[in-house]
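Submitted below is the structure of interest, expressed as structure tokens.
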Number of protein chains: 2
Amino acid sequence: MTKEKYGNKLKDSNLKVTPQRTAVLEALDNLKDHPTADKIKEYVVKNNPNIAVGTIYKTLETFVEKGMVNRVKTEEGVMRYDAILDRHHHLYCEETKRIEDFFDDELNEILIKYFEKKKISNFAIKDIKLQIIGTFDSKKN
Amino acid sequence: MTKEKYGNKLKDSNLKVTPQRTAVLEALDNLKDHPTADKIKEYVVKNNPNIAVGTIYKTLETFVEKGMVNRVKTEEGVMRYDAILDRHHHLYCEETKRIEDFFDDELNEILIKYFEKKKISNFAIKDIKLQIIGTFDSKKN
DNA sequence: TATTAAATAGGAATAGTTCTTATTTAAGAT
DNA sequence: ATCTTAAATAAGAACTATTCCTATTTAATA
Ligand SMILES: [Mn+2]
Ligand SMILES: [Mn+2]
Ligand SMILES: [Zn+2]
Ligand SMILES: [Zn+2]
């Protein structure tokens, strides 16, 4: 019962369970490629044809505030969202602007250890993410 | 003769030397905090009161194309620019949105070696940047 | 000094996002 | 089950960063 899963997630964050929020959660759960608000809308609209675009933005903002979703740093003019909260890094494709997840616990260990030794003066680190910039091999796109 | 320096930089990139471009270069050279187009305009306007904002954007775009300037990835709605081309990473302050440079050759070595061993399948790495997220100690702000 | 391709000024247009407000609704209380 | 009410939503206006358009100006070269 996956619909129920989203309801519980909302309750856990002390949010009222609405069809709009449930739909956005579902979209985020299914669109794994760091979607824009617009992509989320496209997905949500299939089952909720009357949802307002402002609601999508408002919902995403709420989710970010509650820590249910993260924004992804880009150098484009559009915001992208990430529902995966486990620590991971990102592959940025320069050609296609695709952003793919990169999980690597060994690397995380190395980074943590490195910055335990080497403190940055006047800066308290909360998180470290790698931007791995390059291109996907275009054998099959 | 620093004015001349900017002129040469432009010539090196096969760009016509104009007062507007020189001024934007000078602004980028002096504003070390990854300025927005608007901050650059504020700086440039002091000596070039008639410059058009569109010219600033166009100039920055040209510089990015020529590899004289990089965009900085953020999760804000405004673009920020970086005139430092030497390999470096960024400290992102969650509170103030300040972005500060972080140079660390030892860390670069570690990363390069790590990814020489551990290739990412189907992805050709061009560059790796760390997003070091946290807060600056607010002793003096 | 004349030529010309390129650059700029000025302002309109666009796009992503936020804001406003009347209406609707979820959730708790009765 | 119905009532109550604070919160959420729809619809569209407003806002803001950026891009686009084009008449005019200018840098570079001859
Ligand atoms: Mn940089
Ligand atoms: Mn925008
Ligand atoms: Zn991700
Ligand atoms: Zn920098």
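Hydrogens, waters and symmetry mates play no part in the numbers below; they use all other heavy atoms, side chains included. First the proteins, then the strands, lettered A, B, ... as listed; each starts at 1. Just so it is clear, the model here is predicted, and its values are computed rather than measured.
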- Task: Can you tell me the distance, in whole Å, between the NZ atom of B/K11 and the P atom of D/dA28?
- Result: 7 Å
- Query: For A/T18 and D/dA8, is the shortest distance between a side-chain N/O and OP1 or OP2 below 4.0 Å?
  - Reply: no
- Message: I'd like to know whether A/D29 forms a salt bridge (charged side-chain N to carboxylate O under 4.0 Å, His left out) with A/K5, so could you lay out the CA-CA distance, the side-chain angles of the two residues, the decisive distance to 0.1 Å, and finally the verdict.
- Response: CA-CA 11 Å; A/D29 197 24; A/K5 181 178 78 171; 3.2 Å; yes
- Does any residue of residues 46-54 of chain A have a heavy atom under 4.0 Å from DNA chain D, and if so, which ones, in number order? A/N50, A/I51, A/A52
- Kindly indicate whether a cation-pi arrangement holds for A/R21 with A/Y6, taking the cut-offs as under 6.0 Å to the six-membered ring centre and within 45° of the axis.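 Negative - A/R21 is either too far from the ring of A/Y6 or too far off its axis.
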- Please round to the nearest 0.5 Å and tell me the distance separating atom CZ of B/R80 and atom NZ of B/K39. 9.5 Å
- B/Y81 six-ring centre to B/R71 NZ/CZ under 6.0 Å and within 45° of normal: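 No, B/R71 and B/Y81 do not form such a contact.
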- Query: Can a side chain N or O of B/T59 be found less than 4.0 Å away from OP1 or OP2 on C/dA7?
  - Reply: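 So the side-chain polar atoms of B/T59 never come under 4.0 Å of the phosphate oxygens OP1 or OP2 of C/dA7.
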- Item | Rounded to 10 degrees, the angle between the two terminal axes of the helix from C/dT1-D/dA30 to C/dT30-D/dA1, each from five pairs |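 Rounded value for the end-axis angle: 30°.
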- Query: Any side-chain N or O of A/Q20 less than 4.0 Å from the OP1 or OP2 oxygen of D/dA10?
  - Reply: yes
- Message: Taking B/E76 first and then B/K97, would you say they form a salt bridge - that is, a charged N and a carboxylate O separated by under 4.0 Å?
- Response: no
- In whole angstroms, how far is the C1' atom of D/dC21 from the NZ atom of B/K58?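 Going from B/K58 (NZ) to D/dC21 (C1'), I get 12 Å.
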- Once you round it to whole Å, what is the distance between P of D/dT4 and NZ of A/K16? 16 Å
- Query: Looking only at side chains, do B/H88 and B/D82 share a donor and an acceptor under 3.5 Å apart?
  - Reply: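 Present: a donor and an acceptor within the cut-off.
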- Query: Does NZ or CZ of A/K73 come closer than 6.0 Å to the centre of the six-membered ring of B/Y92, within 45° of the ring's axis?
  - Reply: yes
- For atom NZ of A/K119, is the number of surrounding heavy atoms from other residues, nucleotides or ligands below 6.0 Å larger than 12? no
- Message: In this structure, how many angstroms lie between the P atom of D/dT19 and the CD atom of A/E76, rounded?
- Response: 12 Å
- Query: Nearest-Å distance, CD (A/E65) to C1' (C/dT18)?
  - Reply: 13 Å
- Query: Reckon B/Y57 has a side-chain N or O less than 4.0 Å from the OP1 or OP2 of D/dT19?
  - Reply: no
- Query: Are A/D101 and A/H90 linked by a side-chain donor-acceptor pair shorter than 3.5 Å?
  - Reply: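 There is such a pair between these side chains.
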- Item | Whole-Å distance separating the CG atom of A/L15 from the C1' atom of C/dT25 |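 Distance check: A/L15 CG to C/dT25 C1' gives 15 Å.
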- Query: Which of these nucleotides, D/dA28, D/dT18, C/dA26, is closest to any side-chain atom of B/V17?
  - Reply: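 The listed nucleotide nearest to B/V17's side chain is D/dA28.
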- Once you round it to whole Å, what is the distance between P of C/dT18 and CD1 of A/I56?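 After rounding, the reported distance stands at 13 Å.
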- Query: Rounding to a whole Å, what distance do you find between B/N14:CG and C/dA7:P?
  - Reply: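 Rounded to whole Å, this separation is 11 Å.
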